[in-house]
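Numbered from 1 within each chain, the chains take letters A, B, ... in sequence-line order.
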Amino acid sequence: MHRLLRKLARIRKVQSIDLIEKQDGTWDIRVLTVSVARGKLSFDLPRSLTESDLHTLNKRMPAVLTVSGVNVMIRQTPKMRIEKILDSILPGSNSKGFYIENVVAGGTITAGMIRNSKLESLLIKFASLGICVVRMGLGIEDLEKLSGILNEPAISTRNLRIPGNDSERQLYIENGEGHNLLVGEDELEGAFVGCFAAAVGFFTSGKEGTGVNHREEAQYRLLNKRIGLSAIGLLFAASASIFIIASRLHDKVDVLQEDELATAPIQEQLAEVENSIALRTEIISRAGLQTETHFTEYADRLAQLLPPGILLNAMELNPVSSRSKDAAQQFDQGRISVMGESNSIQAINLWMNAARQLDFVISLELERYENSGDDRGEFSIEIRTE
Amino acid sequence: MRSKIDYKTKFYLLVVACIVASIGFWRFPVKRTLDLSKRCNAMEVRLLHAAENSRLLIEKELELKALDMLIGNDEKSPDFVQQYLLSHVEKNLSQSAEIQEVMPIVSSKEEAFEFGLHRILVEGDFGSLLSLSHSLEFNFPHARILAVHYHTRVDRKTRKRILTGTFFLRSVSRLKPDNP
């Protein structure tokens with residue numbers, strides 16, 4: 001999370017402002033927007049302003065200030081202590097009251113000095129304009145640093161090069177301006193090289209220069225802006241998605257509700273039809289409408305087996321079981337009651353044995369046999385069928 | 001110059017606002033949309049059930065129609081069935097047999113149905129009675145044969161044994177719905 005915040009708070013675009021104070025006390029101001037993206041530096045909008053145009057500066061973009069001109073004292077001397085150089089220019093002055101930048105090259109030292117009060121007045125001026133200054137300096141170290149980068153190309157500056165040979169490059173560094181600089185495919189006018197060097201110095205080091213402690217403020221500004229914009233963007237995208245999804249769901253629900261209303265009576269109809277079916281099934285069962293009957297077959301096959309000597313008086317297929325007077329009169333289903341006369345019990349036995357062999361007979365019992373004289377006996381037989 | 005604490009405070013306020021907005025966003029639009037989605041799914045499931053019920057209803061209605069056909073409509077009232085029965089017996093009875101008695105219909109009404117019990121007494125030889133039994137069993141769709149009782153009696157005058165067959169049939173019909 002902290003890493004993400006740091007990444008979000010990273011400053012990737014600055015306006016590099018070169019403030020050159022002229023002899024008459026007016027300012028010549030050069031402004032260049034420099035950004036770094038995916039390790040590549042690029043510049044945009046180089047423009048020259050006067051002091052009265054300062055309000056046109058972008059108040060939301062962090063600023064890198066470079067001060068030069070009459071108030072900046074630059075000396076190139078053999079290598080010696082800074083205090084001595086300062087003393088040689090302004091005898092008896094205290095180095096604590098100055099902001100000093102120096103570059104040592106070979107046996108010489110190039111030093112630039114400006115009074116802290118001057119820098120502070122400039123900072124107050126920019127703060128009153130609402131511009132966040134993240135770095136401030138004299139540009140001497142930045143130019144030296146740019147030179148170092150050019151000699152040892154790094155990933156972040158691989159698209160940097162100065163046209164011409166090494167001597168020309170040295171000349172450029174000495175003069176600070178004068179030669180155009182190629183940044184990628186774009187050529188930067190020599191007058192803005194100082195601005196560009198200051199911005200590169202800011203991107204490649206964390207040094208803020210003197211009296212400047214606005215980096216954190218600028219970072220928070222950026223963080224607030226990026227998080228705020230991201231949050232608003234996310235909220236908007238999510239709201240739009242939710243709105244689209246919800247409206248589609250509402251449409252779907254409307255359609256489904258209509259369908260549900262249309263299908264609501266089905267359940268009732270189904271229950272009604274099921275009740276009707278149950279009632280009819282019971283009626284059919286009670287009426288025996290679906291019962292398979294074999295009255296003719298059973299009567300015929302039993303009669304065929306009758307041996308001589310047996311006379312049947314009655315054969316009831318499904319005899320009456322309850323003599324109710326209404327239509328619900330019950331019959332004993334699956335029963336055959338046979339009554340008759342025979343002159344010999346053997347004949348009855350013979351018939352019974354033969355009848356037992358019939359496939360539809362489940363059981364067969366001689367219920368009664370009564371000898372009525374004259375060698376004749378009355379009998380009754382009960383047969384159970386499938 | 002603005003104080004950096006202001007920016008920090010602003011940042012923390014922004015973070016809090018983002019959290020509150022996220023919670024609010026979750027609790028209201030997102031949750032409601034999710035509820036709507038769940039409702040939608042439940043309705044779809046109910047509609048699927050309804051579609052299944054609709055299919056079932058068609059099947060059940062067909063089953064009901066088949067049962068109604070089996071039972072018969074109001075045109076098959078016991079009186080009509082009795083007439084059909086007499087006509088059928090006359091047609092299918094051989095010359096050696098004759099109808100002795102057509103007993104009155106016993107009918108009862110239950111709910112929307114009318115049950116009728118038809119009894120017919122026929123005299124004749126066994127073959128004729130069997131033939132009649134067969135035709136009533138398989139070729140008379142208006143009523144179901146419930147029982148067949150064969151009996152013999154001795155004619156007082158001729159002293160001959162005479163075979164009688166009593167056929168019991170049951171008819172069912174739907175009553176005509178009362179007109180409102």
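Taking CD1 from B:Ile145 and OG1 from A:Thr296, the interatomic distance works out to 7.0 Å, rounded to the nearest 0.5 Å. Interatomic distance, A:His250 NE2 to B:Thr33 OG1, rounded to the nearest 0.5 Å: 7.5 Å. To the nearest 0.5 angstrom, B:Cys40 atom SG is 9.5 Å from A:Gln257 atom CD. Remark: B:Glu137 CD to A:Glu297 CD distance equals 8.5 Å, nearest 0.5 Å. The distance from the CD atom of B:Glu63 to the OG1 atom of A:Thr281 is 6.5 Å, given to the nearest 0.5 Å. Here CG of B:Leu67 is found 11.0 Å from CD1 of A:Ile283. Values are rounded to the nearest 0.5 Å.
Residue A:Glu274 touches chain B through its side chain alone, counting heavy-atom pairs closer than 4.5 Å. Residue B:Phe11 touches chain A through both its backbone and its side chain, counting heavy-atom pairs closer than 4.5 Å. For A:Ser239, the parts lying near chain B are the backbone and the side chain together; criterion is any non-hydrogen pair under 4.5 Å. Contact annotation for B:Cys18: only side-chain heavy atoms (C-beta onward) come within less than 4.5 Å of a heavy atom of chain A. For A:Glu292, the part sitting under 4.5 Å from any heavy atom of chain B is the backbone (N, CA, C, O) and nothing else. Of the atoms belonging to A:Ile336, not a single heavy atom falls under 4.5 Å from chain B. Heavy-atom distances place the side chain of B:Leu14, and not its backbone, under 4.5 Å from chain A. Using a 4.5 Å cut-off between heavy atoms, B:Arg161 touches chain A through its side chain atoms alone. Contact of A:Ile284 with chain B is made through the side chain alone, with heavy-atom distances under 4.5 Å. For A:Ala238, the parts lying near chain B are the backbone and the side chain together; criterion is any non-hydrogen pair under 4.5 Å.
Within 6.0 Å of CZ on A:Arg368 lie more than 12 heavy atoms contributed by other residues, nucleotides or ligands. More than 12 heavy atoms of other shown residues, nucleotides or ligands fall within 6.0 angstrom of atom NE2 in A:His294. Other residues, nucleotides and ligands place more than 12 heavy atoms under 6.0 Å from the NZ atom of A:Lys59. Applying the 6.0 Å contact sphere to CZ of B:Phe138 captures more than 12 heavy atoms from other residues, nucleotides or ligands.
When the candidates A:Val338, A:Leu235, A:Ile266, A:Asp332 are compared by the number of heavy-atom contacts under 4.5 Å with chain B, A:Ile266 comes out ahead. Most heavy-atom pairs under 4.5 Å with chain B: of the set A:Lys252, A:Glu260, A:Gln333, this distinction falls to A:Glu260. For the options A:Val273, A:Ile245, A:Ile277, heavy-atom pairs under 4.5 Å to chain B are most numerous at A:Ile277. Across A:Pro319, A:Ser337, A:Gly340, the residue that shares the most heavy-atom pairs under 4.5 angstrom with chain B is A:Pro319.
Looking at B:Arg153 and A:Asn313, their side chains never bring a donor and an acceptor atom within 3.5 Å of each other.
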#### Entry: Candidate pair A:Glu272 and B:Lys60, rule side-chain contact (heavy atoms from CB on, under 4.5 Å), full reasoning
CA-CA 10 Å; A:Glu272 204 175 307; B:Lys60 293 282 179 189; over 6 Å; no

### Query
Going through the checks in order, is the side-chain contact (heavy atoms from CB on, under 4.5 Å) test met by A:Leu256 and B:Leu47?
CA-CA 8 Å; A:Leu256 289 173; B:Leu47 274 175; 3.1 Å; yes

### Task
May I have the step-by-step check of side-chain contact (heavy atoms from CB on, under 4.5 Å) for A:Thr293 and B:Arg144, ending in yes or no?
CA-CA 9 Å; A:Thr293 56; B:Arg144 195 79 194 153; 3.9 Å; yes

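Annotation: side chain of B:Arg39 is not in contact with side chain of A:Leu249 (no heavy-atom distance under 4.5 Å). Annotation: side chain of B:Val30 is in contact with side chain of A:Ile242 (closest heavy-atom distance under 4.5 Å).
The nearest pair of heavy atoms linking B:Ala147 to A:Asn318 is CB-O, 3.1 Å. Annotation for A:Leu317 and B:Tyr150: closest pair CD1-CE1, 3.6 Å, computed over non-hydrogen atoms. Closest heavy-atom contact between A:Ala314 and B:His151: CB-ND1, 3.5 Å. Summarising the geometry of A:Ser276 relative to B:Leu64, their closest heavy-atom pair is CB-CD1, 3.5 Å, with the distance given to 0.1 Å. Among all heavy-atom pairs drawn from B:Phe113 and A:Leu279, the shortest one is CE1-CD2, 3.6 Å. Between B:Leu117 and A:Phe331 the shortest heavy-atom distance is CD1-CE1, 4.3 Å.
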